[in-house]
Amino acid sequence: MSTFSVQLEVPTFIEAGLADGSMERVGGVIRNRESENNEVIAWVRQVGQVGQTVESSRDLIENVMRSAGLSAPTVLNLLTSVMPLVNIAMAGYSLLDIISDIRTQNAAIERIYERIEEEFVQDRMANLVAALETGELWDKVNDPAYKRDHIGRMTDRLHEAVAHLREDFQDVLSFERSPENLARALRFQVMLIHVATMIVRGYMELNEDRLALEWLSSIMRGQRERTRRLVLALLGSHTAVYFHESVSDEIYERYLDIERWLRGKRDVLQDLVRNNRKRFWDEDAIDILYVHVPVNRKELDNTPFYTETIPLAEFAIENYQRLEGFGHELKSMSSSFKEWESIGSDQTGDHNGYVLLVNEALAQ
């Protein structure tokens with residue numbers, strides 16, 4: 001039987017492992033890259049209601065992200081921005097919490113529908129709204145048979161909502177690739193992840209662990225490709241611009257981190273130089289890249305497009321990695337979901353927020 005310890009700070013050996021690359025953070029889990037199966041050694045766990053101890057919760061997550069190599073501006077942006085971000089911890093985050101997040105995102109998407117092309121009609125969200133209402137009723141029902149019926153109907157409607165959200169994401173991404181439209185695509189990405197997580201939680205409530213994992217694996221494959229397409233659109237088609245002398249070292253380093261995720265490796269400079277070397281001297285490309293329409297060169301320093309799009313790309317990647325972390329968490333469960341969800345909840349005292357659950361057997 002695995003033993004777990006609950007930490008309010010990142011243990012020294014994990015901090016060192018993240019720094020030297022022997023461990024990696026994927027969303028809310030930390031894996032040992034030197035083990036045979038990349039075993040998960042720690043999980044970010046939510047206990048109580050986040051918000052009562054904001055500082056301690058934020059400090060923990062900030063330290064995890066910094067130790068994993070994210071730049072200080074990126075970490076700050078992810079922690080403080082108003083852009084949509086998926087919850088980092090799955091266990092301890094109830095179905096009603098997910099419903100609340102989806103309702104928040106749904107309100108933002110309804111405002112998008114009001115502003116863009118006619119083919120985006122608000123009744124596209126009818127299945128999602130019905131699913132949320134069914135999920136809320138589920139929480140109030142005590143009879144096991146009725147609960148199963150409610151969860152079954154909820155997941156059916158959510159599957160239909162996912163199909164619509166995929167189409168909406170594709171349509172938004174096909175419009176003019178302005179920062180505003182790309183931010184809209186990011187909202188659809190977040191909604192897709194929330195709905196996918198809700199389906200997984202529904203299956204887990206039905207004790208259908210196999211279905212939950214199969215569904216999550218399926219949605220992750222498609223979601224990675226959608227995230228990749230969104231990130232490429234955000235970077236622009238001529239990435240030589242990030243090597244231009246006017247681009248700050250901070251933006252350059254953040255760009256390299258994004259390319260590392262896209263290419264799945266740490267050493268990306270050789271590939272980037274090979275791909276971009278003909279563009280390094282293309283003055284017309286540089287003019288166009290700094291804004292989304294050609295402008296006089298004197299205006300370039302005042303309107304760099306990447307100040308909006310680089311943060312959006314970071315959000316898109318972080319959201320996908322949090323979904324990926326949910327998958328690793330489910331695969332690493334050592335007990336039933338209900339038991340797994342409760343581990344550590346009796347050891348946190350009055351702390352309401354995020355903690356780090358560490359597998360002591362793998363910490364040796």
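The distance from the CG atom of Leu213 to the CD atom of Glu208 is 11.5 Å, given to the nearest 0.5 Å. Expressed to the nearest 0.5 Å, how far CG of Leu234 lies from CD1 of Ile258 amounts to 8.0 Å. Here OG1 of Thr227 is found 8.0 Å from CG of Asn319. Values are rounded to the nearest 0.5 Å. Note that CG of Leu8 is 11.0 Å distant from CG of Asp59, once rounded to the nearest 0.5 Å. In this structure, NE2 on His244 lies 9.5 Å from OH on Tyr306, to the nearest 0.5 angstrom. The CG atom of Leu165 lies 4.5 Å from the CG atom of Leu192; values are rounded to the nearest 0.5 Å.
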Exercise for review: Go through the steps for Tyr255 and Tyr242 under the test ring-ring contact (aromatic ring centres under 6.0 Å, His included), then give the verdict.
Suggested key: CA-CA 7 Å; Tyr255 160 69; Tyr242 297 103; 4.3 Å; yes
When you look at Lys265 and Asp271, which way does the salt bridge (charged side-chain N to carboxylate O under 4.0 Å, His left out) test go after all the steps? CA-CA 11 Å; Lys265 59 182 182 180; Asp271 290 346; 2.7 Å; yes
* Audit row: Asn77, Phe315, side-chain contact (heavy atoms from CB on, under 4.5 Å) steps and yes/no -> CA-CA 9 Å; Asn77 187 51; Phe315 268 98; 3.2 Å; yes
Kindly determine whether Tyr203 and Glu214 satisfy side-chain contact (heavy atoms from CB on, under 4.5 Å), including the steps that lead there.
CA-CA 10 Å; Tyr203 284 138; Glu214 287 178 357; over 6 Å; no
Check the pair Met198 / Leu132 against side-chain contact (heavy atoms from CB on, under 4.5 Å), numbers first and verdict last. CA-CA 10 Å; Met198 190 172 172; Leu132 299 182; 3.9 Å; yes
| query | Could you go step by step and tell me if Gln7 and Leu357 meet the side-chain contact (heavy atoms from CB on, under 4.5 Å) rule? | reply | CA-CA 6 Å; Gln7 307 289 331; Leu357 189 68; over 6 Å; no
- Task: In sequence, state the C-alpha distance, the side-chain angles, and the governing distance for Arg25 and Glu318, and then conclude on salt bridge (charged side-chain N to carboxylate O under 4.0 Å, His left out).
- Result: CA-CA 11 Å; Arg25 179 187 75 92; Glu318 177 67 20; 2.8 Å; yes
Quick one: do Asp156 and Arg153 satisfy salt bridge (charged side-chain N to carboxylate O under 4.0 Å, His left out)? Show the steps, please. CA-CA 5 Å; Asp156 287 344; Arg153 286 190 286 120; over 6 Å; no
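Judged by distance alone, the side chains of Asn87 and Tyr354 do bring a donor and an acceptor atom under 3.5 Å apart. Side-chain N/O atoms of Ser5 and Glu360 include a donor and acceptor closer than 3.5 Å. In summary, the side chains of Gln170 and Arg229 do present a donor paired with an acceptor at a separation below 3.5 Å, with no hydrogens or angles considered. Side-chain atoms of Asn63 and Arg66 include no donor-acceptor pair closer than 3.5 Å. Glu39 and Ser332 share no side-chain donor-acceptor pair at under 3.5 Å.
At least one test fails for Arg221 against the ring of Trp215: distance under 6.0 Å to the centre or angle within 45° of the axis.
You'll find the side chain of Leu173 reaches within 4.5 Å of the side chain of Leu230, heavy atoms only. Put simply, the side chain of Met220 reaches to within 4.5 Å of the side chain of Tyr320, judged on heavy atoms. Side-chain contact between Val172 and Leu182 is absent, with no heavy atoms from C-beta onward closer than 4.5 Å. Between Leu262 and Leu232, the closest side-chain pair of non-hydrogen atoms falls below 4.5 Å. A heavy-atom distance below 4.5 Å is not found between the side chains of Val6 and Leu356. Contact annotation: the side chain of Val247 never approaches that of Phe243 to less than 4.5 Å [non-hydrogen atoms, C-beta and beyond]. In this structure, the side chains of Leu85 and Val190 stay at 4.5 Å or more apart for every pair of heavy atoms. When side chains are defined from C-beta on, Ile193 counts as touching Gln223, because their heavy atoms get closer than 4.5 Å.
Within 6.0 Å of atom CD in Glu9, 12 or fewer heavy atoms from other residues, nucleotides or ligands are found, so the atom counts as exposed in its surroundings. By the neighbour-count criterion of 12 heavy atoms within 6.0 Å, atom CD of Gln270 is sparsely surrounded, having that number or fewer from other residues, nucleotides or ligands. For Arg166, the CZ atom is densely surrounded, since the number of other residues' heavy atoms within 6.0 Å is greater than 12. Atom CZ of Arg277 has 12 or fewer heavy atoms from other residues, nucleotides or ligands within 6.0 Å.
Checked by atom type and distance alone, the side chain of Gln189 pairs as donor or acceptor with a backbone atom of Ala316 at under 3.5 Å. Of the possible polar contacts, none joining the Arg33 side chain to the Ser22 backbone as a donor-acceptor pair under 3.5 Å is found. Between the side chain of Asn276 and the main chain of Leu272, a donor-acceptor pair closer than 3.5 Å is present. Under the 3.5 Å distance criterion, the side-chain polar atoms of Asp149 are left unmatched by any main-chain donor or acceptor of Ala145. For Ser67 (side chain) and Glu15 (main-chain N/O), no donor-acceptor pair under 3.5 Å exists by modelled atom type. Checking side-chain atoms of Arg322 against main-chain N and O of Val86 turns up a donor-acceptor pair under 3.5 Å. A side-chain donor-acceptor contact under 3.5 Å links Thr155 to the backbone of Gly152. Proximity of a side-chain donor or acceptor of Thr74 to a complementary backbone N or O of Leu70 within less than 3.5 Å is not detected.
Of all the heavy atoms in Gly202 and Ile151, the pair that sits closest is O-CG2, 3.3 Å. Among all heavy-atom pairs drawn from Leu312 and Glu308, the shortest one is CG-O, 3.3 Å. Residues Arg226 and Phe169 share a closest heavy-atom pair of O-CZ, 3.4 Å. Nearest heavy-atom pair, Met154 versus Ala131, reported as atom, atom and distance to 0.1 Å: CG-O, 3.5 Å.
The pair Arg157-Glu133 fails the salt-bridge criterion, with no side-chain N (NZ, NE, NH1 or NH2) lying under 4.0 Å from an Asp/Glu carboxylate O.
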